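Below is one structure, written out as C-alpha cells; comments come after it.
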There are 2 protein chains.
Amino acid sequence: MPLPMRKNKGAPLPGPCSLTQCMAVISGAWAPNVIWSLRAGARRFSELRADVPPVSAKVLSTRLQELEARGVLIRNVMPTSPPSVEYSLTDLGRELIPALEAIVEVGHKLKQRQGLASTP
Amino acid sequence: MPLPMRKNKGAPLPGPCSLTQCMAVISGAWAPNVIWSLRAGARRFSELRADVPPVSAKVLSTRLQELEARGVLIRNVMPTSPPSVEYSLTDLGRELIPALEAIVEVGHKLKQRQGLASTP
DNA sequence: CGGAATCCCCAGTGATACTG
DNA sequence: CAGTATCACTGGGGATTCCG
C-alpha cells in the first residue's frame, strides 16, 4: 500500500489555519477546565476556583483575561454590595464544548481499554 | 493529586471523568500537531518532523512514545534496507480528529472575528 | 470579593552530539 | 534513517501578599 508521500512544506494538509494557533485558544493551564465549568452556565470567580480545584487565583485570573481577550467568554460585573463578577461563555466559546466532550469521550474509552490490556 | 470534589451548587456537571485527565491524552508539545499530521494517513518519522516544523527529534520521539503508550497511534517498523518507521492513528486516535477540527474551526472564526474588530 | 503585584521554582522543551 | 543521551534554559504556574 503505497503511501501518498506529500512534500508540501508550508501547508501540507487542507487545514483552514495553523493548528498550533487554533489550539492556542484553549492554551494555558486550566483553560479547558474553565470552559468546561462554564458549559452549564455563568459562574462567579470563586465558584470557578471551587470547580477547578487546584488553581491559584493568579492563574485563574490570567486565564480568564486571556479567554476574554480571545472572545471565548465574557466578563459581567455585577454592581452588588459585595462586588461579584460573572463569567459566561460566548456563542463561539460554546462551540468549544463539543470538542472538549469529544476529547473526554476518547480519553474515557482509552482509559477503559488500557484496563483491558491487550486483548483484540 | 486531589480529584475535583464538586459541590454542584448551581450547576450540576455530568462529567464522565476528570477533564484534566482526558485532556492529558493530547498533552505535550506538538502532540496535537502530530495527530493532525497523521489524520491523512501514516507518516514516517522524518515526514512528521517536516510537517510539524520546529520540533526537535527528541521531543518528537518522546511525544510519539507517549501517544503510542496512550493508544492514540501505532508504530510500524518497516524492514527495508534503510530502516523506516511508520506511525498511524489507531481507531481511537482517529476519534480525536473531529475534536481537533472543531477547535480549529472555532479558532478560525475567532480569528476572523477579532480581525473585524481590530483591523477594519 | 475580585484581582494585581511579587517572588520562586521546576517540568518540559530545545540544541547538540552520538549510536544502531 | 530513526532514534537516544546529556545539558542548559525558559516561562508558565504556584504561593503569598496587598489593593479597590
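Chain letters run A, B, ... following the sequence lines, proteins first, then strands; residues in each count from 1. Source: prediction; values computed, not measured.
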Inset, instruction - In sequence, state the C-alpha distance, the side-chain angles, and the governing distance for B:Glu47 and B:Ser84, and then conclude on side-chain contact (heavy atoms from CB on, under 4.5 Å). - result: CA-CA 11 Å; B:Glu47 292 179 316; B:Ser84 66; over 6 Å; no
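- Residues meeting the salt bridge (Lys or Arg N to Asp or Glu O under 4.0 Å) test with A:Glu101, sequence neighbours left out: none.
- Between the CG atom of A:Asn33 and the CG atom of B:Leu19 there is a distance of 5.0 Å, given to the nearest 0.5 Å.
- The shortest distance between side-chain heavy atoms of B:Leu73 and B:Val34 falls below 4.5 Å.
- The CG-C1' distance, from B:Leu64 to D:dT4, rounds to 14 Å in whole Å.
- Distance check: B:Asn76 CG to B:Tyr87 OH gives 10.5 Å after rounding to the nearest 0.5 Å.
- As judged by a 4.0 angstrom heavy-atom cut-off over every strand, B:Arg75 is placed among residues touching the sugar-phosphate backbone only.
- For the pair A:Leu60 and A:Trp30, the minimum side-chain heavy-atom distance is 4.5 Å or more.
- Considering only heavy atoms from C-beta on, A:Val85 comes within 4.5 Å of A:Arg75 through its side chain.
- Residues B:Trp36 and B:Val104 are in side-chain contact: their nearest non-hydrogen atoms beyond the backbone lie under 4.5 Å apart.
- Regarding contacts with the backbone of D:dG3, every side-chain N or O of B:Gln65 stays at 4.0 angstrom or more from both OP1 and OP2.
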Enumerate the protein-to-nucleotides 17-20 of chain D contacts in which both atoms are nitrogen or oxygen and the separation is below 3.5 Å.
none

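- The closest side-chain heavy-atom distance from B:Ile26 to A:Val106 is not below 4.5 Å.
- Counting to the nearest Å, the C1' atom of D:dC1 and the CG atom of B:Leu60 are 13 Å from each other.
- One atom, CZ of B:Arg49, and another, C1' of D:dT4, lie 13 Å apart when rounded to the nearest Å.
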All N/O contacts under 3.5 Å from nucleotides 9-13 of chain D to the protein, with atom names and distances to one decimal?
residue	atom	partner	partner atom	Å
D:dG13	OP1	A:Ala29	N	2.4
D:dG13	OP2	A:Arg63	NH2	2.4
D:dG13	N7	A:Lys58	NZ	3.3

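- Two residues are said to be in side-chain contact when any heavy atoms from C-beta on lie closer than 4.5 Å; A:Gln21 and B:Lys111 meet this criterion.
- Rounded to 10 degrees, the angle separating the terminal axes of the helix from C:dC1-D:dG20 to C:dG20-D:dC1 is 50°, with each axis obtained from five end pairs.
- Here the C1' atom of nucleotide D:dC1 and the CZ atom of B:Arg43 are 15 Å apart, to the nearest Å.
- Using a 4.5 Å heavy-atom threshold, the side chains of B:Leu100 and A:Met23 count as touching.
- B:Ile97 places a side-chain heavy atom less than 4.5 Å from the side chain of B:Leu89.
- Note: CD (B:Glu68) to P (D:dA2) measures 15 Å, nearest angstrom.
- Read 5' to 3', the first and last nucleotides of DNA chain C with an atom closer than 4.0 Å to a heavy atom of chain A are C:dC1 to C:dC7.
- Residues in residues 83-99 of chain A take part in these salt bridge (charged side-chain N to carboxylate O under 4.0 Å, His left out) pairs, two or more places apart or across chains: A:Asp91-B:Arg113, A:Glu95-B:Lys109.
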